[in-house]
Asker: 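Quick one: the structure is below, and I'll ask about it shortly.
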There are 2 protein chains.
Amino acid sequence: MNRRQASKQETRQLILAAARLLFAQKGMEECTIRDIAKAAGVSPASVVVHFKSKTALLEEALNRDLENALTAFIASMPEDQGLLERLLHLATDFFRLYDQNRDLYRALIRHTIFEPEGETPHMTSLSERYIRFLAGLIESEQNRGRIKPEVDPMMAAAACFSLYLGALIMLFRQAEMSVEAVAEVLAAMTGQYLDGLTERIKP
Amino acid sequence: MNRRQASKQETRQLILAAARLLFAQKGMEECTIRDIAKAAGVSPASVVVHFKSKTALLEEALNRDLENALTAFIASMPEDQGLLERLLHLATDFFRLYDQNRDLYRALIRHTIFEPEGETPHMTSLSERYIRFLAGLIESEQNRGRIKPEVDPMMAAAACFSLYLGALIMLFRQAEMSVEAVAEVLAAMTGQYLDGLTERIKP
DNA sequence: TAATTAAGATAAACATGTTTAATAAATAAA
DNA sequence: TTTATTTATTAAACATGTTTATCTTAATTA
C-alpha cells in the first residue's frame with residue numbers, strides 16, 4: 001500500500017471512529033457532519049469524499065456492530081429448541097439491540113430499507129444473511145419431515161422476515177411498547193404462519 | 001368563519017394544490033418548498049407555517065388520493081372470490097397505484113412508516129383502516145367456519161399487512177421488479193400463512 | 001369610531017448536507 | 001533529478017429545510 005493510500009485509510013478510520021462515537025451519543029439527526037469532521041480532525045468535505053453521504057456514513061459506522069451482533073446471535077442460538085422458538089430468539093435479540101438506541105436504529109433502517117439495493121450494500125447484505133440463516137433453519141426442519149416438502153425455504157424465510165419487520169415497525173412507532181410485547185405479537189403471527197407450513201400427520 | 005380564517009384556508013388550499021401538482025411532477029426530493037411556495041404565490045415561510053414540515057405537507061398532499069383509492073379498492077372488491085384472492089386484489093391495487101410513481105410513494109412511506117404514530121396521523125389512520133378492513137374479511141371467513149375460532153382477526157390482519165409491507169419493500173428496492181412479480185410472491189407468502197389459519201376438516 | 005390586541009404572512013437569517021474549485025503533496029514520467 | 005500528473009484534502013460556496021423577528025391587517029374592545 002502506498003504512503004498516499006495508507007494516509008487515506010487512516011483519515012477514513014478517524015472519521016469512522018468519530019462517527020461511531022457521536023452517532024451513538026447524539027443520534028443521527030442531532031449529530032452533524034461538521035461535528036463528526038471536527039471530532040475526527042478533518043474537514044467536513046473530507047467526510048463526504050470518504051463516504052458518499054451522511055446516510056452512507058451511518059450505514060458504514062453501524063455495520064461492523066450489526067454484523068458482529070448477527071454472528072453472535074446465530075452462535076448463541078439454542079440447538080434444542082423448536083423452529084418457532086429459534087426464530088423468535090433471533091428476532092428478540094435484534095429487538096433488544098435496537099431498543100438500546102431506538103432513535104439511532106430507526107434512522108438507520110428508515111434511511112436504508114426502501115432504497116434501491118445497490119445504494120445500501122451493508123444493510124442489503126445483512127438482511128440477506130439474516131434471511132439465508134432463517135432459510136437454513138427452515139430447510140433443516142423440512143429435511144426432518146416437519147415442513148411440507150413443497151415449501152420453498154427462501155420464500156418462507158422472506159415471509160418470516162416480513163413478519164419480523166412488521167413487529168419492528170411496531171417497536172419503532174410506539175415508544176411505550178416494550179421488546180417483550182413486540183416479541184409476543186411476533187410469536188403469535190409467526191406461530192400461525194408456521195402452522196401453515198407444517199406437515200400434518202394424518203390422524 | 002372569519003374573513004381571516006377564510007383567507008387562511010384559502011392560502012392553505014393554494015399551497016396544497018401546488019404541492020399536489022409539483023410533488024407528482026417532480027417527486028419529493030426534486031421539489032423544494034420554495035418551488036411550491038412560488039407556484040402557490042406565497043412565501044416559503046408560509047408553507048412551513050401551514051404545514052409543520054415538508055414531510056407533513058407530502059402526507060397531507062397525498063392523503064386525499066390515498067383515502068379515495070382505498071375506498072375505491074374496497075368498493076371494487078369482488079364478492080365471489082376467496083379470502084386469499086381478495087387480500088391479493090387489494091394489495092395489487094395498491095402496488096399498481098404506487099407503481100405509477102414509485103419515487104414519490106417510496107418517499108411518502110419511507111418518511112412515515114417508522115415515525116411515532118402521532119407524527120403521521122394520516123398514514124396511521126390509512127393503514128389502520130386497511131388493517132381493519134382485512135380483519136373484517138378474515139372475521140367473516142371465521143364466521144363461516146373456514147378459519148379457526150381461536151384466531152384473532154386483528155392479529156391475523158396485522159400479519160397479512162406485514163407480508164404486504166415485505167412485498168412493498170421488494171417493489172421499491174428492486175426497480176426492475178414488476179407489480180405482477182411482487183404480487184406473485186405475496187400470493188405465495190399469504191397463501192402459506194392462511195393455510196395456518198385454516199380450519200381443517202378431519203378426514 | 002379610535003385604540004388595542006391578535007393573527008397571518010413574510011423577509012431575512014440560520015443550520016446543515018453537499019458540491020465545487022483550489023491547494024499541496026505524493027507518485028510517475030522524462 | 002527535474003518535470004508532469006494524479007490525488008487526497010480542504011475552504012468556500014451552494015441549496016434547501018426551518019426558525020425568527022417584523023410588518024400588516026383583521027378582529028376586538030373602550
Side-chain angles (χ1 to χ4, degrees), chain A residues 1-20 22-23 25-62 103-104 107-108 110-112 115 119-120, chain B residues 1-20 22-23 25-62 103-104 107-108 110-112 115 119-120:
Chain A
M1 188 159 59
N2 262 344
R3 188 151 125 222
R4 203 135 65 175
Q5 290 169 319
S7 95
K8 186 181 178 180
Q9 281 310 308
E10 199 185 336
T11 58
R12 187 188 158 85
Q13 291 308 319
L14 285 175
I15 296 170
L16 261 184
R20 288 206 182 93
L22 292 185
F23 276 142
Q25 276 178 6
K26 316 208 284 178
M28 164 112 179
E29 325 291 342
E30 289 69 32
C31 166
T32 70
I33 288 190
R34 284 167 177 81
D35 290 338
I36 295 171
K38 179 173 270 186
V42 302
S43 77
S46 252
V47 175
V48 186
V49 169
H50 278 269
F51 304 89
K52 213 172 52 184
S53 68
K54 194 184 183 184
T55 298
L57 175 58
L58 180 68
E59 204 202 353
E60 193 81 40
L62 297 184
D103 286 344
L104 185 63
L108 174 68
R110 203 183 93 105
H111 282 87
T112 55
E115 301 315 300
E119 315 239 315
T120 61
Chain B
M1 186 160 63
N2 261 346
R3 187 151 124 222
R4 197 131 74 177
Q5 291 168 317
S7 95
K8 186 180 179 182
Q9 282 311 307
E10 198 185 337
T11 59
R12 188 189 157 86
Q13 291 308 319
L14 285 175
I15 295 169
L16 260 184
R20 289 207 181 93
L22 291 185
F23 275 143
Q25 275 177 6
K26 316 209 284 178
M28 163 113 180
E29 325 291 343
E30 289 68 31
C31 167
T32 71
I33 288 189
R34 284 168 178 80
D35 289 339
I36 294 172
K38 179 174 271 186
V42 301
S43 77
S46 252
V47 175
V48 186
V49 170
H50 279 269
F51 304 89
K52 214 172 51 185
S53 67
K54 192 184 183 184
T55 297
L57 174 57
L58 179 69
E59 203 202 353
E60 194 79 40
L62 296 184
D103 286 344
L104 184 63
L108 174 68
R110 204 184 93 108
H111 281 86
T112 55
E115 300 315 301
E119 314 240 315
T120 61

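So that the names make sense, note that chain A is the first sequence line, chain B the second, and so on, each numbered from 1.
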Asker: Between C:dT18, C:dT27, D:dT19, which nucleotide has the shortest distance from any of its atoms to the side chain of A:Arg34?
Answerer: C:dT18
Asker: What is the distance from NE2 of B:His111 to P of D:dG17, rounded to the nearest Å?
Answerer: 10 Å
Asker: Just checking B:Ser46: base, sugar-phosphate only, or nothing, at a heavy-atom cut-off of under 4.0 Å?
Answerer: base
Asker: Does a side-chain N-to-carboxylate-O contact under 4.0 Å join A:Glu60 and A:Arg12?
Answerer: yes
Asker: Pick one: which of A:Ile36, A:Ile15, A:Leu58, A:Ile33 meets side-chain contact (heavy atoms from CB on, under 4.5 Å) with A:Phe51?
Answerer: A:Ile15
Asker: NA contact type, B:Val49, heavy-atom cut-off 4.0 Å: base, sugar-phosphate, or nothing?
Answerer: base
Asker: Answer yes when B:Glu115 and A:Arg110 have at least one side-chain N-carboxylate O distance shorter than 4.0 Å, and no when they do not.
Answerer: yes
Asker: I want to verify a distance call: between C:dA9, D:dT19, D:dA11, whose nearest atom is closest to the A:Ala45 side chain?
Answerer: D:dA11
Asker: Between B:Asn2 and B:Ser53, which residue's closest nucleotide on DNA chain D lies nearer the 5′ terminus?
Answerer: B:Ser53
Asker: With a 4.0 Å cutoff (strictly under), does any side-chain N or O of A:His50 reach OP1 or OP2 of D:dT9?
Answerer: yes
Asker: Send over the distance from B:Arg3 CZ to C:dA9 C1', rounded to a whole Å.
Answerer: 15 Å
Asker: Just the rounded figure in Å: distance from C1' of D:dT9 to CD of A:Gln9.
Answerer: 15 Å
Asker: Can you see which heavy atom on A:Thr112 is nearest to which on A:Glu59, and at what distance?
Answerer: CG2-CG, 4.3 Å
Asker: Is A:Thr11 close enough to D:dA8 that one of its side-chain N or O atoms is under 4.0 Å from OP1 or OP2 there?
Answerer: no
Asker: How many whole angstroms separate atom CD of A:Glu29 from atom C1' of C:dG17?
Answerer: 12 Å
Asker: Nearest of C:dA9, C:dT18, D:dT16 to any side-chain atom of A:Ile33?
Answerer: C:dT18
Asker: Report the residue from B:Thr32, B:Leu57, B:Asp35 that forms a side-chain contact (heavy atoms from CB on, under 4.5 Å) with B:Val47.
Answerer: B:Leu57
Asker: Quickly work out the A:Phe51 CZ to D:dA8 C1' distance and round it to whole Å.
Answerer: 14 Å
Asker: In whole Å, what is the span from the CG atom of A:Asp35 to the C1' atom of C:dT18?
Answerer: 16 Å
Asker: Looking only at the side chain of A:Ser7 (C-beta and beyond, no hydrogens), which of the listed nucleotides C:dT16, D:dT9, C:dT19 gets closest?
Answerer: D:dT9
Asker: If you pin B:Arg12 and A:Met28 to their nearest nucleotides in DNA chain C, which one's is more 5'?
Answerer: B:Arg12
Asker: Rounding to a whole Å, what distance do you find between A:Glu10:CD and C:dA26:C1'?
Answerer: 15 Å
Asker: Of the nucleotides C:dG17, C:dT10, D:dT9, which has the atom closest to the A:Lys54 side chain?
Answerer: C:dG17
Asker: So, under a plain 3.5 Å distance rule, would you say the side chain of A:Arg4 forms a donor-acceptor pair with the base of D:dT6?
Answerer: yes
Asker: Taking atom C1' of D:dT10 as reference, at what distance in whole Å does atom CD1 of A:Ile36 sit?
Answerer: 17 Å
